[in-house]
Amino acid sequence: MSNDLTSDDVVKISNQLMLDIAINYQQFSLSISQTMPLLGITGIFGHSASGKSTLLRAIAGLENKVIGKISLNNKTLVNTKQQIALKPEARQVGLVFQSSRLFPHLTVLENLTFAAKRCKNNTLTIDEIISLTELSELVNLSVPQLSGGQQQRVALARALLAEPNLLLLDEPLSALDQASKTKLLKIILKIQKQLNLPMLYVSHSLDELQQICDNILVLSQGNVVSYGNIHQVIHQLNSYVDKHVGTVISHPKTSLSLAIKTHKPHGLTALALNDEQEIYIPTELLTQKSGFIRCFILARDISICLTEPLNSSIVNHLYGNITAIDARQNNVLVTVNCGSESFFVSISAFSQEKLALTINQPVYLQFKASAVRTFIH
């Protein structure tokens, strides 16, 4: 077998972020040793004071208590043993904060022009960035005339003008209403795909991260709890109890990425679950007519039947086998395998005892089409 690497292999190896750092404060410490491939968008999730923003600041060069090593695409950003600590402007890392931090006395265009002058060897023009971030109608407005969502889009455009190799987003939707969140989220997805720009995206909302992230890093009390595929990690967190914060997520859910199969009458669309089964969702949830859609179903919105529910107004019926039963005081979290996907069902301990549910037992799941959700809607 040949040991020669192809050009694609070299790109995959080099496009990564390597972290081996510690940051110590009197009331808080962060310790991370993790290598992350930089493909698409990687989520950073955790409760308040878990270390999410501190991690971004360390990568961006805004944290002066870092001990250890950070490298981006094989470029050393920090190595305290070798006394290397590149300045923020030398790291080719962009950062968008929770607040826009724009110059209030300048117009949108003047803010962007100022940012563009600081970047040498530009390959993207201001006009291209304005188009990408959908700011064309706002360029002559001053910052105080903008809504919160519009200001965040300007902050995003400003970060892009520096043409970073990695973009860090620190809870960019936290202060926005739902309509502004949806618009900015779609723009971020478009930018990532068109520019092929790796991103680290911090949020305390798993529903938000589920819509856009390929992988996710979970932090608690300054330590890594989990890292991996977004759907798999969400499912792991359904049953994870942290010794510091208790239950990590308050609402267990089934996280899915399914192909759009057929559009049905009465405002329903079928998603392909496996060769034999499908899931119906409201067509209004779709932002495209074909391809894959990311969606989730809260465990509390699914019920279990011992026999097939033939005469029911509920449209989604799935057949599967119980693979796990996790008792939690007066509630039980039941994991049911339906082909290649696991579904999570929250029922009362009374219902579990009444149905006499056991591991490997065949059951039917049922849930409404409206129980299938996306963060965008």
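Defined by atom type and a distance below 3.5 Å, a donor-acceptor pair is missing between the side-chain atoms of Thr76 and Asn79. Between the side chains of Thr269 and Thr283, at least one donor N or O lies within less than 3.5 Å of an accepting N or O. Under the 3.5 Å distance criterion, with hydrogens and angles disregarded, no donor-acceptor pair is assigned to the side chains of Gln366 and Tyr364. Side-chain contact annotation: Thr123 with Glu163, donor-acceptor N/O pair under 3.5 Å present. Judged by distance alone, the side chains of Thr113 and Glu110 never bring a donor and an acceptor atom under 3.5 Å apart. Ser255 and Gln210 are linked by a side-chain donor-acceptor pair at a separation below 3.5 angstrom, with hydrogens and angles left out of the test. Counting only N and O atoms by type, the side chains of Asn337 and Thr323 include no donor and acceptor under 3.5 Å apart. Checked by atom type, the side-chain pair Glu171/His204 shows a donor-acceptor distance below 3.5 Å. Inspection of the Glu276 and Tyr319 side chains reveals no N or O donor paired with an N or O acceptor under 3.5 Å.
When Phe296, Phe343, Phe344 are each tested for a ring-ring contact (aromatic ring centres under 6.0 Å, His included) with His235, only one passes: Phe344. Partner of Glu134 under the side chain to side chain donor-acceptor pair (under 3.5 Å) criterion, chosen from Arg153, Gln150, Lys183, Lys186: Lys183.
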| task | Please report the C-alpha distance between Gln82 and Lys69 in whole Å, then the side-chain angles of each, then the deciding distance to 0.1 Å, and finally whether the side-chain contact (heavy atoms from CB on, under 4.5 Å) criterion is met. | result | CA-CA 10 Å; Gln82 297 179 5; Lys69 296 182 290 185; over 6 Å; no
| Step by step, would you call Thr358 with Ile322 a side-chain contact (heavy atoms from CB on, under 4.5 Å)? | CA-CA 7 Å; Thr358 59; Ile322 295 176; over 6 Å; no
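Annotation for Phe114: hydrophobic cluster partners, listed by chain and number, are Phe103, Leu106 (ILVMFWY side-chain heavy atoms under 4.5 Å, direct or chained).
Tracing side-chain contacts under 4.5 Å through hydrophobic residues (I, L, V, M, F, W, Y), one never reaches Leu333 starting from Leu357; they form parts of separate clusters. In the hydrophobic cluster analysis, where Ile, Leu, Val, Met, Phe, Trp and Tyr join through side-chain heavy atoms closer than 4.5 angstrom, Val315 is grouped apart from Ile293.
The heavy-atom pair separating Pro252 from Asn238 by the smallest distance is CA-OD1, 3.1 Å. Shown here for Arg91 and Leu72, the closest heavy-atom pair between the two residues is O-CD2, 4.0 Å.
In this structure, the side chain of Arg373 does not engage the main chain of Leu298 through any donor-acceptor pair within 3.5 Å.
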